[in-house]
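Chain letters run A, B, ... following the sequence lines, proteins first and then strands; every chain starts at 1.
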Protein chains: 2
Amino acid sequence: MLIYVLLGFLCEKDMTGYEIKQKMTLSTSNFIDASFGSIYPMLKKMEKGELIKYEEVVEEGRFKKSYGITEKGKSEFIEWLKTPCTFSPFNYEYLNKLFFYKYLDDLEVVQLISSFQTTVASEYNKLASIEEKHVHEMGVYEHATLMFGKEYYQMIMNWHDRLTRKITGKKENEHENDKEF
Amino acid sequence: MLIYVLLGFLCEKDMTGYEIKQKMTLSTSNFIDASFGSIYPMLKKMEKGELIKYEEVVEEGRFKKSYGITEKGKSEFIEWLKTPCTFSPFNYEYLNKLFFYKYLDDLEVVQLISSFQTTVASEYNKLASIEEKHVHEMGVYEHATLMFGKEYYQMIMNWHDRLTRKITGKKENEHENDKEF
DNA sequence: ACTGCCATGTAATTTGTTACATGATTAC
DNA sequence: GTAATCATGTAACAAATTACATGGCAGT
């Protein structure tokens, strides 16, 4: 979902395709790092759909297209942001969204996270039940990949718990010792 | 890399596309779970490339294509399996390979895992250095996604450590208390 | 002069998905 | 008889990649 990363970045300020790519490499390469070959055509497509607009500028003799988000783009982005994630283990959609949660209210974020936690927990349980039924017929490596899934989900749940505590703690100015997150 | 999952499954025994899909859902859906719309065309393509062959059989009045791997397919699969993974966070290639590591020697596996550990550690360090340089200009959520990456890599390293201990422990009949993996 | 970075873009290809279409068997 | 499962397949579409192509500026 490259489109939403681009919209998210353009929410903050106007940028060129090149600048967006740089920012992606720095801050989102962790879960998404598109190439120029997908960024530029996507920007063009979004411009046609009136989600973004651009000005042609010349800086230091260099030709640039400075893209900015439109009202239509902004509202479509926020709407996407508010939609709860369907979870799939190697789908970075939720990180993509979470990265931009600053554009939502704390309360809304906590609710979204909580609903996501439920989904993750149910995935964890699915794996746990597969493990229970089929461990005996599983080899070391098959079992290891299953453990990977379980540990992955567990990590996500812990990570979410810490994040939630950080958000609510920040809001209610709690005692919680949160320096560590 | 659907092709290698299919080859991997067919290494074990002859199967129909339908059976493969079932097995995937049960055992690899954790990291890959292709649809019929990709399995069947891929099987056809692999058959043309002589990586697999099939027999038409009729069982319980049902028409089936029972696919089996060829020597060419087997050697291409093993070659792929031996190639060290290029790591990318939301790329399940290494799980895909690891799932089939039973077809390699323990020694080879330990070496592959060890080389992979190095890659993961270097990714972890990349994130850590980004964090060090840019925490001050990062919002809560941006930081959270970065922490996700770090914790994810940490989890992988721990998971690999346990797996390595299990493999070497098994081989050398060590004292190690490995019941827990 | 040459290398590296800035900046944009296209074309071909890869790798899948979803939706559709068919038809047989099994269990209720 | 009808719903679920077994079994295969195609067509249209989606989302992104890699490789290629262009050109200007800045520093050595």
Quickly work out the [X] [atom1] to [N] [atom2] distance and round it to whole Å.
X	N	atom1	atom2	result
B:Y18	D:dC6	OH	C1'	5 Å
A:E59	D:dA26	CD	P	12 Å
B:F36	D:dA11	CZ	C1'	18 Å
B:I39	D:dT8	CD1	P	10 Å
B:M46	D:dT8	CE	C1'	17 Å
A:K64	D:dT22	NZ	C1'	18 Å
A:M42	D:dT17	CE	C1'	13 Å
A:Y40	D:dA16	OH	P	17 Å

Ring-ring centroid check [X] [Y], cutoff 6.0 Å:
X	Y	value
A:F36	A:Y18	yes
A:Y152	B:Y152	yes
B:F100	A:Y141	no

Q.
On DNA chain D, compare the nucleotides closest to A:I3 and A:R62; which residue's is nearer the 5' end?
A.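 By nearest-heavy-atom nucleotide position, the 5'-most residue is A:I3.
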Q: For A:G37 and for B:Q22, locate the closest nucleotide of DNA chain D by heavy-atom distance; then report the residue assigned to the nucleotide nearer the 5' terminus.
A: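 Result: B:Q22.
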Q) Heavy atoms under 4.0 Å, any strand shown: does B:G17 hit a base, just sugar-phosphate, or nothing? A) sugar-phosphate
Q: For B:E19, answer base if it contacts any base atom (sugar-phosphate contacts may also be present), sugar-phosphate if it contacts only those atoms, and nothing otherwise; contact means non-hydrogen atoms under 4.0 Å.
A: nothing
(Q) Using a 4.0 Å cut-off to any heavy atom of chain A, which nucleotides of DNA chain C are the first and last in contact, reading 5' to 3'? (A)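 With heavy atoms of chain A under 4.0 Å away, the range is C:dC6 to C:dT10.
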Q) Hey, does the Lys NZ or Arg CZ of A:K65 hover above the aromatic six-ring of A:Y54, less than 6.0 Å from the centre and inside 45° of the axis? A) yes
Q. According to a strict under-4.0 Å criterion, is A:S38 in side-chain N/O contact with OP1 or OP2 of D:dT17?
A.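 Answer is yes, contact under 4.0 Å.
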Q.
Looking at B:T16, I'd like to know whether one of its side-chain N or O atoms comes within less than 4.0 Å of OP1 or OP2 on D:dC6.
A.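 For B:T16, the contact criterion (side-chain N or O under 4.0 Å from OP1 or OP2 of D:dC6) is not met.
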Q) Hey, is A:E123 close enough to A:K150 for a salt bridge, meaning N to O under 4.0 Å? A)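 Here A:E123 does not pair with A:K150 in a salt bridge, since their nearest N and O are not under 4.0 Å apart.
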Q) Crowded around B:E50 CD? As in, over 12 foreign heavy atoms under 6.0 Å? A) no
Q) A:L6 versus A:L43: any side-chain heavy-atom pair under 4.5 Å? A) yes
